[in-house]
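What follows is a set of notes on a single structure, which appears directly below.
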Amino acid sequence: MKIRAAVLEEFGQPLEVQEVDLAEPKAGEVLVRLEACGVCHTDLYTASGADPSGYTPTVLGHEGAGVVESVGPGVESLAPGDHVVTLFSPQCRECEHCRDPRTNLCLAIREEQNLGHLPDGSTRLSRDGEPIRHFMGTSTFAEYTVMPEIALAKVNPEAPADRTCLFACGLSTGLGAAMFTAKVTAGSTCVVFGAGMVGLGAVAGCRLQEAERIICVDLSPDRLEMAREQGATDLLEADEDTVARILEMTGGFGADYTFEATGLVQVMQQAVESARMAWGLCTIAGVAGKGETLDIVPRLLITGRRVAGSSFGGVKGRDQVPELIDRYLAGEINVDPFLSHQLSLDDVNRGFELMEAQDGIRSVIKFD
Ligand code: CU
Ligand code: ZN
């Protein structure tokens, strides 16, 4: 079929919205009609050419929500009409990692997905017979996408797609960092560095875990106000004394849990140093640039601090994204403030501009 999609033709150039071909889903694959898609930093990072593993031409986009249109042979968990959220982090439920509660890093399709292929090593996207690769296995800046069944979470159809798409990446990453990676305990003190989509999600996650104190650190007073709405109890404008001020606020010890959601290695260092002696756990959710390293004084570890990394918040996507969306529908997660701008697919480059200007938390593309 012919579909409209935003294609990255050349690194550093604007995406080009155009007509491309999308083939029928093969075995284990699903055709999804997209209703909404968030514009995320990872899309911009790849479009800019900064990611050395990037490729062109490709259809970007990985924060999608939509409705199943048809399914390929052997697909049993989804049927036409089901509402779904796309998962760049799949869950096959069968591999060694999927069967282990300690991780969400499914092993089933990693290599082909990293190459921009569907699991059988080919693409369904093409143009004049030339293959177009599937970015992050999702390619959701498009009216339709074909994805593996194991990379789609079936969600409550009552939840609007322009909200559920945020659970496809940033929001779940933040919520999950607090709920599933750190497993914040009730009554604890938490610090969240960064009040973008991931950091605000982490603040909400700490609140859901019944943390007593949630300190949020950011450069922007406006974003800190958003953190307060999500449950932050203390707001801190970042400066060179941030760590000293956090230690002062926590009786000289530091926090039980700290979260890093900026991707800046200097901030990661502050997050480690702000974790409490004896048991403080620092969770890194931000993605640093390729080749960057994190400096930690070993004494901080010997004296009991721990450091954990969190990819997609440790969320096992097919099982836990639907649960998070149910909690949103139950009124426990306030998603509306995150949706800052609504765009059409033709305005996708405007979404990148807004992100670079740090205007709002998320721009969401709506398809009609
Ligand atoms: Cu993302
Ligand atoms: Zn798996």
Side-chain angles (χ1 to χ4, degrees), residues 6 8 15 28 34 36-48 50-51 53-54 58-65 77 85-114 118-119 134-141 145 147-153 162-177 194 196-202 261-263 285-289 310-321 324 335 338-340 348 351-352 354-356 360-365:
L8 174 66
L15 305 188
L34 288 152
C37 180
V39 182
C40 174
H41 282 96
T42 311
D43 301 304
L44 180 61
Y45 181 62
T46 295
S48 72
D51 178 4
S53 57
T58 185
V59 173
L60 294 183
H62 63 281
E63 290 196 7
S77 68
V85 165
T86 63
L87 302 171
F88 65 85
S89 181
Q91 185 192 357
C92 76
R93 293 179 171 147
E94 285 165 9
C95 73
E96 186 184 358
H97 286 185
C98 278
R99 286 185 279 108
D100 195 304
R102 291 174 296 185
T103 182
N104 65 332
L105 298 174
C106 175
L107 297 167
I109 59 175
R110 288 181 86 79
E111 289 95 50
E112 291 301 343
Q113 184 181 342
N114 288 341
L118 291 184
H134 296 246
F135 175 67
M136 290 175 90
T138 50
S139 285
T140 50
F141 288 165
T145 185
M147 288 182 56
E149 174 185 23
I150 63 168
L152 291 165
D162 58 0
R163 305 300 194 278
T164 61
C165 70
L166 303 179
F167 288 86
C169 181
L171 180 51
S172 292
T173 298
L175 288 165
M197 180 77 273
V198 174
L200 292 169
T262 70
V287 179
S310 183
S311 166
F312 192 46
V315 173
K316 286 184 183 278
R318 289 162 83 198
D319 292 341
Q320 291 174 320
V321 164
L324 291 174
V335 178
F338 302 139
L339 209 174
S340 325
V348 60
F352 286 159
L354 289 164
M355 197 166 14
E356 280 178 315
I361 300 299
R362 264 300 186 272
S363 298
V364 171
I365 297 169

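Each ligand, and each atom within it, is numbered from 1 in the order the structure gives.
A distance-only check finds a donor-acceptor pair linking the side chain of Gln91 to the backbone of Asp319 [under 3.5 Å]. Judged by distance alone, with hydrogens and angles left aside, the side-chain atoms of Ser172 form no donor-acceptor pair with the main-chain N or O of Ala168 at under 3.5 Å. Distance alone, capped at 3.5 Å, is enough to place a donor-acceptor pair between the Gln113 side chain and the Phe88 backbone. Panel note: side chain Thr58, backbone Leu8; no donor-acceptor pair is recorded below 3.5 Å. Of the possible polar contacts, none joining the Asn104 side chain to the Gly313 backbone as a donor-acceptor pair under 3.5 Å is found. In terms of modelled atom types and a separation under 3.5 Å, the side chain of Arg318 and the main chain of Ala153 share no donor-acceptor contact.
Here the protein contributes Cys92 SG, Cys95 SG, Cys98 SG, Cys106 SG as N, O or S atoms under 2.8 Å from the Zn ion (ligand 2). Shown here are the protein N/O/S atoms lying under 2.8 Å from the Cu ion (ligand 1), water excluded: Cys40 SG, His62 NE2, Cys169 SG.
Of the candidates Thr86, Leu87, Thr42, His62 forms a side chain to side chain contact (heavy atoms under 4.5 Å, CB included) with just one, namely Thr42.
Looking at heavy atoms from C-beta onward, Asp43 lies in side-chain contact with Phe141 at the 4.5 angstrom threshold. Considering only heavy atoms from C-beta on, Val39 comes within 4.5 Å of Ile365 through its side chain.
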